[in-house]
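For reference, the structure discussed in these notes is given below.
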Amino acid sequence: MTNDELLTLINRHDESEILDYKENMKDKKQIGEYISALGNSALMLHLSAAYLIWGVKDISKEIVGTNIKPYLEKAPKGNMPFITYLEQYLDPKINLYWEEHIIEEKRILLLKIDVTHVNRPIKFLGQGFIRVGTSKKSLAEYPEKERLIWKSFESTFFESQIAKNDVTANDIFELLDLKLFSDLMDISYFDTELVIKSLLDKHLIVDSGNNYNITNLGAYTFAKNMDNFPTLHKRTIRITKYNGNNKIDNAIFDEQRKENASQYTSFVNF
């Protein structure tokens, strides 16, 4: 995320179930609990990530800066590095992305909590947490929210999983055949905002902070080149023509293609 993108995120978004601002919180156990709470809220809301930002006041969103340096910090007890401490006691293991930014000549620390591949509620030191509004609460006190988290895993089909993370609107136009999509949707290809909104409505992409994630459905149906999606390029369309009516006959044509699936179907039903 660039400095401008981070500043836009701060200006546009107040604290929520998936976003928290801290001025200079250093309590290591608290940080682990916040990661659990924010991550579980993202899971419950079917979102791919949550964010914890240091150096910003929570209500006014004034940029005040922070001096916390996660890679130099130590665990509460012993000499274990703080990052190792988090990785060891968070269950399941999740991707944590730490970024340092300088905004208004002040240091800001951004933590992106990626829950894309999580398959159970996130616990820290054996206990799960959840956001209730902008407060951190024990997940055990909110069984209905925990039920919604588990239900989110049941509804995570292959099509809704992420094929490419953190892409810009311009990247989407480069990666996907949006001329075809616009024609099918009967909308203007040149109206970028409308095209992006339509992609979101059809779950071909999902929000990811200031950027987007392309879903497997989006990649499979409109990818210009499946090689741009490493997790999917081995599952591309294969066309085989046999010299007869069954698969034991000799194949007279066999080719695996890199283009999107919609070019080889008679219709795409949205």
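Given the structure is predicted, the values throughout are model-derived calculations rather than measurements.
A donor-acceptor pair is defined here as one N or O able to donate and one able to accept, closer than 3.5 Å; no such pair exists between the side chain of N95 and the backbone of I113. Of the possible polar contacts, one joining the S36 side chain to the I122 backbone as a donor-acceptor pair under 3.5 Å is found. Between the R107 side chain and the I68 main chain, a donor and an acceptor come within less than 3.5 Å of each other. Here the side chain of T84 pairs no donor or acceptor atom with the backbone of M80 at under 3.5 angstrom. In terms of modelled atom types and a separation under 3.5 Å, the side chain of T215 and the main chain of L204 share a donor-acceptor contact. The main-chain N or O of S16 is found under 3.5 Å from a side-chain atom of R131 such that the two form a donor-acceptor pair. Judged purely by atom type and a 3.5 angstrom limit, Q161 has no side-chain atom pairing as donor or acceptor with the backbone of N216. Between the side chain of K112 and the backbone N or O of A49 there is no donor-acceptor pair closer than 3.5 Å.
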(Q) Set out, in order, the CA-CA distance, both residues' side-chain angles and the distance that settles side-chain contact (heavy atoms from CB on, under 4.5 Å) for I53 and K22, then state yes or no. (A) CA-CA 6 Å; I53 301 175; K22 296 296 179 188; over 6 Å; no

**Q.** Verdict with supporting geometry, L110 and H101, side-chain contact (heavy atoms from CB on, under 4.5 Å)
**A.** CA-CA 8 Å; L110 167 68; H101 295 263; 4.3 Å; yes

Q | side-chain contact (heavy atoms from CB on, under 4.5 Å) between V206 and L47, intermediate numbers included | A | CA-CA 8 Å; V206 294; L47 298 173; over 6 Å; no

Q.
Using side-chain contact (heavy atoms from CB on, under 4.5 Å), reason through K164 and V167 one step at a time and then give a plain yes or no.
A. CA-CA 7 Å; K164 202 167 193 68; V167 295; 4.0 Å; yes

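Here the shortest heavy-atom pairing between E144 and R147 reads OE2-NH2, 2.8 Å. Nearest heavy-atom pair, Y212 versus D207, reported as atom, atom and distance to 0.1 Å: CE2-OD1, 3.4 Å. Residues L43 and R120 come closest through the heavy atom pair CD1-O, 4.1 Å. Between V195 and S188, the shortest heavy-atom contact is CG2-O, 3.4 Å. A pairwise comparison of heavy atoms in W54 and I108 identifies O-CG2, 3.3 Å as the closest pair. Nearest heavy-atom pair, I63 versus I103, reported as atom, atom and distance to 0.1 Å: CG2-O, 3.7 Å.
Looking at L178 and F181, their side chains come closer than 4.5 Å, going by heavy atoms from C-beta outward. Counting heavy atoms from C-beta on, the side chains of Y71 and P81 never come closer than 4.5 Å. At least one side-chain heavy atom of L9 sits under 4.5 Å from a side-chain heavy atom of L19.
Under the 4.5 Å side-chain heavy-atom criterion for Ile, Leu, Val, Met, Phe, Trp and Tyr, L111 and F129 are members of distinct hydrophobic clusters. Note on L86: it does not cluster hydrophobically with L72, by side-chain heavy-atom contacts below 4.5 Å among ILVMFWY residues. Note on L125 and I130: same hydrophobic cluster, where clusters join Ile, Leu, Val, Met, Phe, Trp and Tyr whose side-chain heavy atoms are under 4.5 Å apart, directly or indirectly. Residue L139 is grouped with residue I94 when hydrophobic side chains (ILVMFWY) are merged at heavy-atom distances under 4.5 angstrom, including chains of intermediate members. Linking Ile, Leu, Val, Met, Phe, Trp and Tyr residues whenever their side-chain heavy atoms come within less than 4.5 Å leaves L38 and I10 in two separate clusters.
Expressed to the nearest 0.5 Å, how far CG of L109 lies from CD of E100 amounts to 6.0 Å. Between the CG atom of D201 and the CD1 atom of I196 there is a distance of 11.5 Å, given to the nearest 0.5 Å. Rounding to the nearest 0.5 angstrom, the gap separating the CG atom in L96 from the CG atom in L90 is 6.5 Å. Note that CD of E62 and OH of Y21 are 13.5 Å apart. Values are rounded to the nearest 0.5 Å. The distance from atom CG of L45 to atom CG of L148, rounded to the nearest 0.5 Å, is 9.0 Å. Atom OG of residue S152 and atom NE2 of residue H46 lie 5.5 Å apart, to the nearest 0.5 angstrom.
Partners of Y85 under the ring pair (Phe, Tyr, Trp, His ring centres under 6.0 Å) rule, at least two apart in sequence or in another chain, are Y89, F124. Among residues two or more places apart in sequence or in another chain, the ring pair (Phe, Tyr, Trp, His ring centres under 6.0 Å) test is passed with Y34 by none.
Using a 4.0 Å cut-off between charged side-chain N and carboxylate O, K28 and E73 make a salt bridge. Salt bridge status for D91 with K93: absent, with no side-chain N to carboxylate O gap under 4.0 Å. Ionic pairing of D14 and K61 is present here: one or more N-O contacts between side-chain nitrogen and carboxylate oxygen are shorter than 4.0 angstrom.
In K136, the NZ atom is crowded: over 12 heavy atoms of neighbouring residues, nucleotides or ligands sit closer than 6.0 Å. Atom CD1 of I59 sits in a sparse spot, with 12 or fewer heavy atoms from other residues, nucleotides or ligands closer than 6.0 Å. At most 12 non-hydrogen atoms from other residues, nucleotides or ligands lie less than 6.0 angstrom from NZ of K69. Other residues, nucleotides and ligands place no more than 12 heavy atoms under 6.0 Å from the NZ atom of K197. Within 6.0 Å of NZ in K123 there are 12 or fewer heavy atoms belonging to other residues, nucleotides or ligands. Heavy atoms from other residues, nucleotides or ligands lying under 6.0 Å from NZ of K29 number 12 at most.
In summary, the side chains of T116 and D114 do present a donor paired with an acceptor at a separation below 3.5 Å, with no hydrogens or angles considered. Side-chain N/O atoms of N210 and T8 include no donor and acceptor closer than 3.5 Å. Between the side chains of N211 and S208, not a single donor N or O lies within less than 3.5 Å of an accepting N or O. In the model, N213 has no side-chain atom that pairs as donor or acceptor with a side-chain atom of D166 under 3.5 Å. A donor atom on one side chain and an acceptor atom on the other are not found under 3.5 Å apart for K145 and N40.
Taking the six-membered ring wherever Trp is involved, the centroid distance between the rings of Y189 and F173 falls below 6.0 Å.
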